[in-house]
Novice: 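Before I ask anything, here is the structure I am working with.
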Amino acid sequence: MKTRRKLFPILTVMVLVAIAAAMMVIGRGHTVYFDNRTLEGYNGQDFKALHRIVVTVKGEEAGKLGPRERGMAVWIGQNFEMTLEVTPEKGDEPEIRTIRLKLPYNMDGIIVNLPAVLAGLPEDAWLSEFVPAVPEEPEEEPFEGDEFGFGEGGDMGLGDI
């Protein structure tokens, strides 16, 4: 009876630890941004933005990207897959490409430069982290009164009456 009392809590903790470990690996969510922007100066070369790229993730269209445009999709897990319908120049026939990428575990917002991926460049060329811009707060000026002659604390400038 005593062994049974000790066994159930230990098994429960072991099961919870196993579930937590599995969720850490397969349950990590990522926001993936797709850029169709020219990559300049990588190893002395420029990789131009393409005329149109239609990005499909999980069977749903994530974006129709012209040059200098960005799309977005949410993905759970590390093995990312997308289908691209690429039209390099206006009037060209689109070609379909399926791309599989290994997403880094430590990033949430990931920017993927599509022209670099399609050119077969290494990860350091096409991958970057999305860092949202923080709006700057305007500096507050010290209060010196208002147009009615009231100074700080309601003083009307009359002194001690």
Side-chain angles (χ1 to χ4, degrees), residues 4-143:
R4 196 174 193 180
R5 273 192 181 165
K6 291 179 183 178
L7 186 63
F8 280 120
I10 291 171
L11 285 175
T12 302
V13 169
M14 289 175 56
V15 167
L16 290 175
V17 168
I19 290 171
M23 291 306 293
M24 236 174 96
V25 173
I26 61 174
R28 173 82 166 110
H30 300 277
T31 303
V32 182
Y33 299 94
F34 317 103
D35 276 355
N36 184 16
R37 297 175 189 214
T38 299
L39 177 64
E40 296 177 351
Y42 185 78
N43 289 340
Q45 286 186 295
D46 291 345
F47 296 88
K48 299 262 183 222
L50 302 161
H51 173 68
R52 174 142 336 259
I53 302 175
V54 179
V55 182
T56 305
V57 177
K58 295 184 213 171
E60 292 186 29
E61 188 176 295
K64 286 183 182 178
L65 309 176
R68 296 177 304 283
E69 291 184 340
R70 175 177 284 171
M72 181 200 87
V74 175
W75 186 265
I76 295 184
Q78 304 310 115
N79 300 313
F80 180 71
E81 184 176 319
M82 64 182 160
T83 303
L84 305 177
E85 184 179 312
V86 181
T87 308
E89 299 287 332
K90 190 172 185 172
D92 288 352
E93 282 294 314
E95 64 179 77
I96 308 288
R97 303 235 347 233
T98 300
I99 305 291
R100 290 176 183 83
L101 304 172
K102 185 84 170 163
L103 300 178
Y105 183 76
N106 61 341
M107 285 187 198
D108 181 31
I110 299 169
I111 301 174
V112 175
N113 183 288
L114 294 177
V117 168
L118 291 168
L121 297 179
E123 183 179 286
D124 68 319
W126 55 260
L127 178 77
S128 60
E129 186 170 8
F130 179 78
V131 179
V134 178
E136 290 186 27
E137 297 283 330
E139 286 187 32
E140 289 190 29
E141 296 178 18
F143 182 73

Novice: With no hydrogens and no angle check, is any side-chain donor or acceptor of Thr31 less than 3.5 Å from a backbone partner on Gly109?
Specialist: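 No; judged by distance alone, with no hydrogens or angles, the pair does not exist.
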Novice: Between the main-chain N or O of Leu50 and the side-chain N or O of Asn36, is there a donor-acceptor pair closer than 3.5 Å?
Specialist: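 Here the side-chain-to-backbone pair exists.
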Novice: Mind checking whether Leu121 and Leu39 have side chains closer than 4.5 Å, heavy atoms only?
Specialist: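 They are in contact (side-chain heavy atoms under 4.5 Å apart), so the answer is yes.
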Novice: Could you tell me whether the side chain of Phe34 reaches within less than 4.5 Å of the side chain of Val57, counting heavy atoms only?
Specialist: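 Counting from C-beta outward, Val57 and Phe34 do come under 4.5 Å.
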Novice: Show every ring-ring contact (aromatic ring centres under 6.0 Å, His included) that has at least one partner inside residues 108-135, sequence neighbours left out.
Specialist: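 ring-ring contact (aromatic ring centres under 6.0 Å, His included) check on residues 108-135 returns Tyr33-Phe130.
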Novice: Show which side-chain atoms of residues 80-100 pair as donor or acceptor with protein atoms under 3.5 Å away, not counting sequence neighbours.
Specialist:
{"residue": "Glu81", "atom": "OE1", "partner": "Arg100", "partner atom": "NE", "Å": "3.4"}
{"residue": "Asp92", "atom": "OD2", "partner": "Glu89", "partner atom": "N", "Å": "3.1"}

Novice: Checking the side chain of Glu61 only, and the main-chain atoms of Thr56 only, is there a donor and an acceptor separated by less than 3.5 Å?
Specialist: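 Such a contact is absent between Glu61 side chain and Thr56 backbone.
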Novice: Ignoring hydrogens, what is the shortest heavy-atom contact between Gly41 and Asp46? Give both atom names and the distance.
Specialist: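 Taking Gly41 first and Asp46 second, the nearest heavy atoms are N-OD1, 2.8 Å.
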Novice: Give me the atom names and distance for the closest heavy-atom approach of Arg37 to Pro115.
Specialist: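 Looking at all heavy atoms of both residues, the shortest contact is O-CG, 3.6 Å.
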Novice: Kindly say whether Met107 contributes a backbone atom to a donor-acceptor pair with the side chain of His30 at under 3.5 angstrom?
Specialist: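 Here the side-chain-to-backbone pair exists.
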Novice: May I have the list of side-chain donor-acceptor pairs in residues 62-75 shorter than 3.5 Å, sequence neighbours left out?
Specialist:
{"residue": "Glu69", "atom": "OE1", "partner": "Gly66", "partner atom": "N", "Å": "2.6"}
{"residue": "Arg70", "atom": "NE", "partner": "Asp35", "partner atom": "OD1", "Å": "2.6"}
{"residue": "Arg70", "atom": "NH2", "partner": "Asp35", "partner atom": "OD1", "Å": "3.3"}
{"residue": "Arg70", "atom": "NH2", "partner": "Asp35", "partner atom": "OD2", "Å": "3.0"}
{"residue": "Trp75", "atom": "NE1", "partner": "Asn79", "partner atom": "O", "Å": "3.1"}

Novice: Please lay out, stage by stage, how Phe47 and Leu114 fare under the test side chain to side chain contact (heavy atoms under 4.5 Å, CB included).
Specialist: CA-CA 10 Å; Phe47 296 88; Leu114 294 177; over 6 Å; no
Novice: Report the distance from atom CD1 of Ile76 to atom CG of Leu103, rounding to the nearest 0.5 Å.
Specialist: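 Result: 12.0 Å between the selected atoms.
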